[in-house]
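Structure, as C-alpha cells:
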Amino acid sequence: MHSIKIKTKQNEYEVSIGRGYKEGISDILMKDYPKSKFAIITDENVAGLYINEFIKALNEKKRTFDVITIAPGEKSKSISQFEKIVRLLADKNYNRADVVVALGGGVVGDLAGFVASAFLRGVGLVQVPTTLLAQIDSSVGGKTAVNIPEGKNLVGAFYHPSAVYIDMDFLKTLPEADFADGMAELIKYALIKDEQMFRLLELSERIDADSEVLQELVIKCLEIKRDVVMADELDKGERMKLNFGHTIGHGLERMCAQSGIPMTHGQGVARGMAAITQASERMGQTQAGTAQRIISVLNKQRLSSSISEFDKTQILKGILVDKKNIADKINLILIDRPGNSFIHTVDASSAKEYIV
C-alpha cells in the first residue's frame, strides 16, 4: 500500500493506493468512523458490481447506512439530483458526524462532494474512485460541482475529502472507453509537469488495467496533483496548469451536449491538448514537433486527437462561457515542450486563434 498525504488550509487527508483491498474498504470506514452513518452515493453500473460487498459488511456490524444510486453519466450531475439527495439526508436525520461516501467515477465524486460540502454546511466525505480518471484527478484536490444548462461545473465548491481509497483492481471492470478517458488525463499530467513520464508513455506499449507500470503512473499523477494543490488550493495560479487541454475540451463537450453528439470528458481533453498545441506550435510558442508527439501517444491509447469535424464557432461559444474566464480574459494553458507548461492570458476575442 502506498500513501500520499495532502495538507490544505481546510484539512489534511491521506490518499491510499494499492491493489486487492477493495473488499476491506467497508471495514476501514467503520474503524475510522465508529459512530457515523454512511450515505453511499454510487451509480447503477458500479452498484451492480460492488455495492453488495459494502452492504454485507455494514449489515454484519449493524451499522446504519443508505445507498443512493444515480443513473450513470453527466446528466446526473445536476441541481435536481443534488436537491433529491440533500432532502433525503435531511429526511433521514443525517448530522455533521455522518459521512458521505462517493463510490464511483468523476460524476459520482463531483456530485457527492458537492452534497457533502453543502449539507449542514459540511459533513464528512470519503472518496472511493473506481475509474482511472477519478483515481488520478477528480477524487483529489477538493473540486466539487454540478452542471447547469449554461455549462459544465458552473455550480460547485472547494471541499476536500477526509480520505481517498484507491484500489487499482477497480479498473479491471472498467469499460475500455472509460479507461481511455482516464489515460487522457494521465497524459496531461506528464505533459504539464513530467518530461520523463511522457517519454515513458512514448516508449510503452498501449497501457491497460493490467499493465505493471500503471500504478507507478497513477502515483506520479497524484504526487503532481498534491504539489500543485498545496501550492495553489483555490485555482488562482499554478493549479490552472491542470486545465491543459480543458479550455477547448470543455467548449467541445458543451457544444456536443447541446447538439446531442456523444463526447466524453477524456475525449474532449485529448482533442483539446492536441489542438491547442498545434496552434501554439504554429505561433512559435511550443517546440516544433511537440504536437505530433502528443498525437502519437494519444492515438496509441485509442484517443482521438482532431477537432476538424466540429463547428469551430460553436466550440468558441462554449469556451467563452467557461468558469475560468475572467474580465474578458482567458487563461490558456500551453506547453513549450513536454513536461513544461505555462499560463498564457489572451483577450477573449483572440481565443479563436487557438482553435485549429
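Residue numbers start at 1 and run along the sequence shown.
Shortest non-hydrogen contact noted between V46 and G104 is CG2-CA, 4.1 Å. The shortest heavy-atom contact between R206 and S211 is O-OG, 4.3 Å. Across all their heavy atoms, V123 and N95 have their closest contact at CG1-O, 3.7 Å. In plain terms, the two heavy atoms of L191 and I335 that are nearest each other are O-CG2, 3.6 Å. Heavy atoms only, all atoms of each residue included: E233 and R239 are closest at O-NH1, 2.8 Å. Shortest non-hydrogen contact noted between F38 and L29 is CZ-O, 3.7 Å.
Using a cutoff of 4.0 Å between basic side-chain nitrogens and carboxylate oxygens, D227 and K193 are not scored as salt-bridged. Between E309 and R271 a salt bridge is recorded (basic side-chain N to carboxylate O distance below 4.0 Å). With respect to K188 and E185, a salt bridge is recorded, a charged nitrogen being found less than 4.0 Å from a carboxylate O.
A heavy-atom distance below 4.5 Å is found between the side chains of Y33 and V126. With a 4.5 Å cut-off on side-chain heavy atoms, D91 and R87 do not count as touching. Residues E281 and Q287 fail the side-chain proximity criterion, which asks for heavy atoms closer than 4.5 Å. Side chains of S305 and N299 form a contact here, defined as non-hydrogen atoms less than 4.5 Å apart. In this structure, the side chains of Y189 and L217 stay at 4.5 Å or more apart for every pair of heavy atoms. Put simply, the side chain of Q81 does not reach to within 4.5 Å of the side chain of K75, judged on heavy atoms.
Other residues, nucleotides and ligands place no more than 12 heavy atoms under 6.0 Å from the CZ atom of R199. Environment of CD in Q196: sparse, with no more than 12 heavy atoms of neighbouring residues, nucleotides or ligands closer than 6.0 Å.
Hydrophobic clustering (side-chain heavy atoms under 4.5 Å, transitive across Ile, Leu, Val, Met, Phe, Trp, Tyr) groups I276 together with F310. Residues V140 and M183 are members of one and the same hydrophobic cluster, defined by side-chain heavy-atom contacts under 4.5 angstrom among Ile, Leu, Val, Met, Phe, Trp and Tyr.
For the pair D167 (side chain) and Y21 (backbone), a donor-acceptor distance under 3.5 Å is present. Distance alone, capped at 3.5 Å, places no donor-acceptor pair between the K220 side chain and the M197 backbone. Put simply, the side chain of T131 never gets that close to the backbone of G105: no donor and acceptor are under 3.5 Å apart. Remark: side-chain polar atoms of E44 are not paired, donor with acceptor, to backbone N or O of P72 under 3.5 angstrom.
I85 pairs in a side-chain contact (heavy atoms from CB on, under 4.5 Å) with only one of the listed residues (I41, V100, D66), which is I41. The residue from E74, K143, K77 that alone fulfils the side chain to side chain donor-acceptor pair (under 3.5 Å) condition with N153 is K77.
With a 6.0 Å cutoff to the six-membered ring centre and a 45° limit on the axis angle, K37 counts as a cation-pi contact of Y94.
Between S36 and D98, the side chains place no donor N or O within less than 3.5 Å of an acceptor N or O (distance only, hydrogens not considered). A donor-acceptor contact closer than 3.5 angstrom links the side chains of T173 and Y50. Side-chain contact, Y354 with Q285: a donor N or O sits under 3.5 Å from an acceptor N or O.
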(request) List the steps and the verdict of salt bridge (charged side-chain N to carboxylate O under 4.0 Å, His left out) for E53 and K56. (result) CA-CA 5 Å; E53 296 171 8; K56 181 181 177 183; over 6 Å; no
(request) Apply side-chain contact (heavy atoms from CB on, under 4.5 Å) to L214 and F179, showing your working. (result) CA-CA 12 Å; L214 181 59; F179 187 88; 3.9 Å; yes
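Of the inter-residue distances, the one linking I68 atom CD1 with L111 atom CG reads 9.0 Å to the nearest 0.5 angstrom.
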